[in-house]
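Right, one structure below, let's go through it.
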Amino acid sequence: MDNNVQQDVNVLIKRRFEELTELKSKGFEPFAYSYDIDSNSEDIIKNFKEDEKRVVKIAGRIMALRRMGKASFAHIQDHEGRIQIYLRKDDIGDSYDAFRLLDIGDIIGVEGFVFKTKTGEISVHVTSMKLLSKTLRPLPIAKETVDEAGNKIIHDQFADKELRYRQRYVDLVVNPEVRDVFIKRSKIVSAMRNFLDSEGYLEVETPILQPLYGGAAARPFTTYHNTLDTTFYLRIADELYLKRLIVGGFNGVYEISKDFRNEGMDKTHNPEFTMMELYVPYKDYEWMMTFVEKMIHNICKNVFNKLEFEYDGKNITFGSSWKRVSMIDELKEKIGIDVLSADVKQLKESAMKLGIDIKGLETKGKLIDEIFSVAVQPELIQPTFVIDYPVELSPLAKKHRTRNGVVERFEGYVAGREICNAFSELNDPIDQRERFEAQGKMREEGDQEAHQIDEDFLRALEYGMPPTAGLGIGIDRLVMLLTNQTSIRDVIFFPQMKPEVK
RNA sequence: GGGCGCGUAGCUCAGGGGUAGAGCAUCUGCCUUUUAAGCAGAGGGUCGGUGGUUCGAGCCCACCCGCGCUCACCA
């Protein structure tokens with residue numbers, strides 16, 4: 001038993017090893033192979049009938065323990081919730097001696113009949129018990145009480161955020177609301193996938209290791225392939241490969257997968273994050289706006305069965321059509337200038353008036369983007385599409401069919417946050433080459449996030465890509481919005497952390 | 001990267017130069033319908049680390065490490 005676990009023994013762990021040894025010596029297998037159940041905590045409570053004495057077999061983790069000599073009460077927790085069990089030495093004999101050696105955290109299976117205690121709690125009167133897994137570390141267990149108003153009060157809740165993120169398995173055991181968020185996340189992704197499938201689009205997979213990165217403005221992670229003796233980048237977006245597939249003739253493709261961006265981390269940024277990108281041929285961004293409305297509506301209905309949400313104290317309604325505003329018009333109204341005809345100097349003045357630090361904002365596009373995010377974005381609480389972005393911010397989007405200086409692009413905003421980005425995809429290879437070249441110039445001027453020229457992508461466009469509508473949705477942020485979480489770390493099981501130091 | 005804050009028992013936290021504390025958890029004894037079970041007793045700490053000031057440092061100072069919040073960049 002001298003392994004790693006015992007190196008950091010403290011008294012509590014040592015005690016558990018002693019119990020383990022004692023259990024083994026008494027013939028109890030502390031780590032069982034299987035246990036067949038026929039019910040669960042929720043089912044038992046929901047379907048309780050007085051005087052029925054229904055016999056059930058359940059399994060779960062001991063979360064509370066009240067021993068009273070030759071009888072004990074405990075709560076066990078399974079996937080559905082918690083239920084109280086009642087054990088007496090008279091009923092289970094030798095197993096009761098094993099039970100004396102159990103701790104909070106141990107996983108057991110029990111068989112018994114359902115009854116209601118004197119104080120009215122539906123419980124299982126155990127007739128046989130089997131230890132399924134002995135815990136060697138103490139759980140940071142909280143206790144719950146209910147005050148006179150009926151509110152649940154949790155005492156000594158496991159609250160250290162660092163520990164909760166690093167040891168998510170413990171967080172999930174002791175903080176049940178955490179599990180609910182992740183179940184919702186899973187259902188949101190399923191609902192989205194089902195919707196996209198039902199619309200006839202094909203889920204595909206494209207490379208994560210890319211010789212060139214593109215499709216977004218971001219700094220990449222680099223890695224290295226030994227046999228090819230080549231540096232690769234972890235993708236920052238799926239876009240350029242998915243559009244190659246549209247060239248190839250698919251009738252709509254989508255990918256739900258991780259992207260990686262080598263940038264700062266905060267409440268809304270994790271270095272790896274999940275993105276859904278969709279490309280549909282023969283459609284444009286107008287069509288895509290309607291599609292997004294339909295898809296989000298569908299997810300809300302299917303996962304939550306509601307359209308009204310509260311986010312960070314704000315009430316949000318996902319109606320069937322979202323407000324649409326022009327970025328340029330909105331800015332004209334807010335700051336009184338036409339950002340398209342304004343020069344860099346005027347834009348800098350406007351930015352400074354708004355209290356923006358203009359350091360590093362040298363181009364019109366970046367200035368406009370920043371002014372927008374300060375002057376307009378926070379007010380976009382109800383679902384809103386902001387349309388028509390400056391060309392230089394959008395090197396992969398088609399120029400607007402009637403309006404000069406802007407592209408056919410929209411971003412969806414909810415609760416002041418961006419949740420999606422879409423455009424009529426640029427399918428003119430000559431225009432695309434010019435845009436890449438303009439990006440190359442920005443790169444030479446020191447913009448590390450500007451696109452590189454992707455010759456293979458240009459070659460693909462030269463073979464002809466149908467007019468196409470493209471969409472990207474940050475899944476983590478969508479989940480945050482729908483589950484009322486203000487930190488991305490609370491919707492990612494294992495958020496990025498500095499490596500643990502011993 | 002900048003600013004602010006935090007780090008004391010397994011968990012949640014008090015203590016701010018003079019013997020290291022509480023509740024829960026743990027251990028021993030009693031207890032066969034309890035539920036933050038109860039009663040009686042006990043154990044448990046390199047007070048994040050390293051240096052310094054001091055007769056004496058969880059406490060004051062410096063540096064370091066880790067975390068949280070926030071600002072900047074990005075989705």
Side-chain angles (χ1 to χ4, degrees), chain A residues 8-16 18-19 63-75 82 84-92 96 103-105 115-121 123 125 135 137-147 152-166 170 174 215-219 236-237 259-277 356-361 366 369-370 373 411-412 417-421 447-449 472-478 480 486-489 497-502:
Chain A
D8 53 1
V9 266
N10 61 40
V11 179
L12 299 178
I13 291 174
K14 203 172 162 194
R15 174 67 197 170
R16 282 167 166 75
E18 287 163 8
E19 286 166 348
M63 297 299 285
L65 205 44
R66 292 176 292 281
R67 299 186 219 257
M68 295 169 301
K70 296 181 188 66
S72 296
F73 284 93
H75 275 94
R82 287 184 186 188
Q84 181 169 257
I85 59 172
Y86 176 55
L87 307 96
R88 296 195 311 184
K89 186 162 172 58
D90 289 355
D91 300 321
I92 59 172
Y96 197 83
D103 293 295
I104 287 173
F115 75 112
K116 200 182 246 181
T117 63
K118 272 205 296 210
T119 49
E121 181 162 349
S123 310
H125 190 128
T135 175
R137 289 177 183 270
L139 273 180
I141 199 71
K143 292 210 168 191
E144 293 175 6
T145 44
V146 179
D147 68 12
K152 196 196 272 186
I153 300 167
I154 298 171
H155 305 266
D156 306 331
Q157 186 164 33
F158 181 51
D160 184 309
K161 285 193 176 179
E162 182 188 355
L163 285 177
R164 288 181 53 202
Y165 296 142
R166 286 195 193 279
V170 175
V174 302
R219 281 146 64 196
I236 58 172
D259 288 344
F260 307 85
R261 299 192 184 172
N262 204 341
E263 291 166 346
M265 293 155 56
D266 60 29
K267 275 181 136 170
T268 55
H269 298 84
N270 195 63
E272 55 182 289
F273 62 101
T274 304
M275 187 75 139
M276 191 288 290
E277 289 194 34
I356 295 166
D357 176 8
I358 58 166
K359 190 177 52 172
L361 302 174
K366 290 202 169 186
D369 197 36
E370 187 60 27
S373 70
E411 291 191 341
R417 291 155 178 258
E418 182 199 331
I419 64 151
C420 67
N421 182 19
D447 186 346
Q448 289 182 287
E449 291 171 355
I473 294 186
I475 297 296
D476 312 277
R477 291 183 178 180
L478 178 66
M480 286 168 67
T486 56
S487 172
I488 198 167
R489 297 184 143 193
M497 307 283 282
K498 277 198 190 178
E500 203 169 353
V501 282
K502 194 72 184 162

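All chains are named by letter (A, B, ...) in the order of the sequence lines, taking the proteins before the strands, and each is independently numbered beginning at 1.
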Electrostatic pair A/R15-A/E19, nearest N-O below 4.0 angstrom: yes

Determine whether a donor-acceptor pair (one donor, one acceptor, N or O, separation below 3.5 Å) exists between the side chain of A/Q84 and the base of B/U34. yes

Could you state the CG-P distance from A/L163 to B/G7, rounded to the nearest angstrom? 14 Å

Mind checking if A/H75 touches a base, just sugar-phosphate, or nothing, with heavy atoms under 4.0 Å? base

Reckon A/R15 has a side-chain N or O less than 4.0 Å from the OP1 or OP2 of B/U26? no

Would you classify A/S72 as touching base, sugar-phosphate or nothing, given that sugar-phosphate means primed atoms plus P, OP1 and OP2, and contacts are heavy atoms under 4.0 Å? nothing

Apply the syn/anti split at 90° from 0 to B/G58 and say which one it is. syn

Just the rounded figure in Å: distance from P of B/A72 to CG of A/D369. 14 Å

Starting at atom NZ of A/K118, determine the distance to atom P of B/U32, rounded to an integer number of angstrom. 12 Å

Out of B/U32, B/A37, B/C11, which nucleotide sits closest to the side chain of A/K143? B/A37

Gap separating the NE2 atom of A/H75 from the CD1 atom of A/I104, nearest 0.5 angstrom: 11.5 Å

Rounding to a whole Å, what distance do you find between A/K161:NZ and B/G66:C1'? 16 Å

Quick one: look up who B/G21 pairs with, Watson-Crick or G-U, both distances under 3.5 Å, and put none if it's unpaired. B/C13

Closest listed nucleotide, where the reference is the side chain of A/M68 and the choices are B/U70, B/C67, B/A37: B/A37

Nearest to the side chain of A/K267, which nucleotide is it out of B/U70, B/C27, B/G10? B/U70

Sugar-phosphate, base or nothing in reach of A/D266, heavy atoms under 4.0 Å: base

Select base, sugar-phosphate, or nothing to describe what A/K89 touches, counting heavy atoms under 4.0 Å on all strands. nothing

Please determine, for B/A40, whether a Watson-Crick or G-U wobble partner exists with both distances under 3.5 Å, and give it or none. B/U28

Hey, could you give me the CZ/CZ distance between A/R489 and A/R164, rounded to the nearest 0.5 Å? 11.5 Å

If I take atom CG from residue A/N270 and atom CE from residue A/M265, how far apart are they, to the nearest 0.5 angstrom? 6.0 Å

Is it the case that the side chain of A/D259 and the backbone of A/F273 share a donor-acceptor pair, with hydrogens and angles ignored and the cut-off at 3.5 Å? no

Between A/R219 and A/I141, which is nearer to the 5' end of RNA chain B once each is assigned its nearest nucleotide? A/I141

Write down the distance separating the P atoms in B/G66 and B/G52, rounded off to the nearest Å. 23 Å

Of all the choices, B/U12, B/U26, B/C67, which nucleotide is nearest to the side chain of A/F158 once you look at every atom? B/U12

From the set B/C67, B/C69, B/C31, return the single nucleotide nearest to any side-chain atom of A/K70. B/C31

Report the base-pairing partner of B/U54 (Watson-Crick or G-U wobble, both distances below 3.5 angstrom), or none. none

Could you measure the distance from the CG atom of A/L65 to the CG atom of A/L87? Nearest 0.5 Å is fine. 9.0 Å

Closest to side chain of A/I104, choosing from B/A25, B/U33, B/C67: B/A25

Spacing of CG belonging to A/D476 relative to CD1 belonging to A/I419, to within rounding of 0.5 Å: 12.5 Å

Atom C1', compared across B/G44 and B/C27: separation rounded to whole Å: 10 Å

Taking pairing as Watson-Crick or G-U wobble with both contacts under 3.5 Å, can you name the mate of B/C6, or confirm there isn't one? B/G66

Same-atom distance (C1') from B/G18 to B/G56, integer angstrom: 7 Å

When all nucleic acid strands are considered with a 4.0 Å heavy-atom cut-off, which category describes A/R88: base, sugar-phosphate, or nothing? base

Against the side chain of A/E162, the closest entry in B/U34, B/C69, B/G66 is B/G66

Look at the side chain of A/R66 and decide which nucleotide, out of B/U33, B/C69, B/A37, has an atom nearest to it. B/A37

Once you apply a heavy-atom cut-off of 4.0 Å, does A/I419 come out as touching a base, just sugar-phosphate, or nothing? nothing

What is the nucleic acid contact for A/A216, judged by heavy atoms within less than 4.0 Å: base, sugar-phosphate only, or nothing? nothing

Considering only the C1' atoms, how many Å lie between B/A14 and B/C4, rounded to the nearest integer? 23 Å

Measure from the side chain of A/A71, starting at C-beta and using heavy atoms only, and say which of B/U32, B/G68, B/C27 lies closest. B/U32

Has A/R261 got a side-chain atom pairing as donor or acceptor with A/I236's backbone, closer than 3.5 angstrom? yes

If you look at every strand shown and take non-hydrogen atoms under 4.0 Å, does A/E411 touch a base, only sugar-phosphate, or nothing? nothing

Describe the nucleic acid contact of A/R67 in one word from base, sugar-phosphate, nothing, applying a heavy-atom distance below 4.0 Å. base

Nearest-Å distance once atom C1' is located in both B/U8 and B/G45: 8 Å

Hey, is the side chain of A/D160 pairing donor to acceptor with the base of B/C67 inside 3.5 Å? no

Same-atom distance (C1') from B/G16 to B/C6, integer angstrom: 15 Å

Taking the P atom of each, how far is B/C67 from B/C73, in whole Å? 24 Å

By the 4.0 Å heavy-atom rule, please label A/A142 as base, sugar-phosphate, or nothing. nothing

Round to a whole Å and report the spacing from CE of A/M63 to C1' of B/C11. 12 Å

Keeping the roles fixed (side chain from A/Y96, backbone from A/A71), state whether a donor-acceptor pair exists under 3.5 Å. yes

Take atom CZ of A/F73 and atom P of B/G38, then tell me their distance rounded to the nearest Å. 14 Å

Whole angstrom value for the distance that separates P of B/G66 from CZ of A/R166: 9 Å

Between A/Y86 and A/H125, what is the ring plane arrangement, given parallel below 30°, perpendicular above 60°, and tilted in between? perpendicular

Is B/G56 in the syn or the anti form, by the rule that syn lies within 90° of 0? anti

What integer distance in Å separates A/K14:NZ from B/G45:P? 11 Å

Using atom P in both nucleotides, what's the gap between B/C64 and B/G3 to the nearest angstrom? 12 Å

Closer to the 5' end of RNA chain B via nearest nucleotide, is it A/E272 or A/R16? A/R16

How is A/N262 classified with respect to the nucleic acid when contacts are heavy atoms under 4.0 Å: base, sugar-phosphate, or nothing? nothing

